[in-house]
Amino acid sequence: DTAVSQTPKYLVTQMGNDKSIKCEQNLGHDTMYWYKQDSKKFLKIMFSYNNKELIINETVPNRFSPKSPDKAHLNLHINSLELGDSAVYFCASSQDFAIRAGELFFGEGSRLTVL
Amino acid sequence: DAKTTQPPSMDCAEGRAANLPCNHSTISGNEYVYWYRQIHSQGPQYIIHGLKNNETNEMASLIITEDRKSSTLILPHATLRDTAVYYCIDDAGNMLTFGGGTRLMVKP
């Protein structure tokens with residue numbers, strides 16, 4: 001069973017569209033994250049939710065809206081897509097927000113291409 | 001922004017030890033050092049972390065200098081499947097920011 005699963009794996013869309021990426025973890029973790037990996041392979045945190053509550057929002061345009069219906073799911077909705085949004089988006093989870101005490105489990109990534 | 005410095009690439013012969021260095025000269029006393037790796041087209045995978053003592057697990061060993069300004073990740077017997085980008089990260093503010101990493105190429 002996949003611990004952290006994301007769908008879709010690939011997404012190609014036009015500028016201006018709205019799209020969503022879904023993430024689910026079956027590890028029983030309390031904290032989930034969204035990371036963005038750009039073309040230079042730098043991986044930066046975007047959001048973190050702990051028990052469905054937003055705890056990190058790292059200077060991300062408000063076209064990006066995370067939603068956590070329960071602690072096993074963290075979805076990412078993007079409005080009015082722009083060319084610069086093209087990237088690989090990774091979902092991750094950890095047992096709790098005390099990262100120092102644990103490790104992050106990452107999904108396989110969702111490659112978004114905006115044309 | 002990443003506060004660690006790693007060489008952009010390294011080669012290692014299969015079966016030999018791979019020693020990957022990392023400088024984290026601005027690390028604070030209570031910040032851990034984490035190592036992850038990313039195999040092509042996959043998500044990052046946790047390897048090991050440490051504060052000031054050396055650590056070992058089934059994947060690797062982590063050697064941290066006494067002044068904590070640098071560390072070395074050791075893969076004792078590298079295999080072709082260890083070819084990946086290896087990231088050294090400090091956990092400033094409970095956030096993990098991944099820099100460019102070291103691209104390790106294990107060669108037969």
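All figures in this text were calculated on a predicted structure; none of them were measured in a lab. Numbered from 1 within each chain, the chains take letters A, B, ... in sequence-line order.
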- Query: With only heavy atoms counted, which part of A:Gln37 is less than 4.5 Å from chain B, the side chain, the backbone, both or neither?
  - Reply: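 Just its side chain gets close to chain B.
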- Taking the side chain as every heavy atom from C-beta outward, state whether A:Phe90 and A:Gln6 have any pair of such atoms under 4.5 Å apart. yes
- Item | Between B:Gln45 and B:Tyr36, a side-chain donor and acceptor under 3.5 Å | no
- Message: Under a 4.0 Å threshold between the charged nitrogen and the carboxylate oxygen, would A:Glu82 count as salt-bridged to A:Arg63?
- Response: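 So A:Arg63 pairs with A:Glu82 through a salt bridge.
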- Is A:Asp38 salt-bridged to A:Lys44, cutoff N-O under 4.0 Å?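 Salt bridge absent between A:Asp38 and A:Lys44.
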- Query: Among residues 107-115 of chain A, which ones touch chain B with a heavy-atom distance under 4.5 Å?
  - Reply: A:Gly107, A:Glu108
- Is the backbone N or O of B:Ile47 less than 3.5 Å from a side-chain atom of B:Asn57, with the two atoms forming a donor-acceptor pair by type? yes
- Task: Could you tell me whether A:His29 and A:Phe105 have their ring centroids closer than 6.0 angstrom?
- Result: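 Yes, the ring centres sit under 6.0 Å apart.
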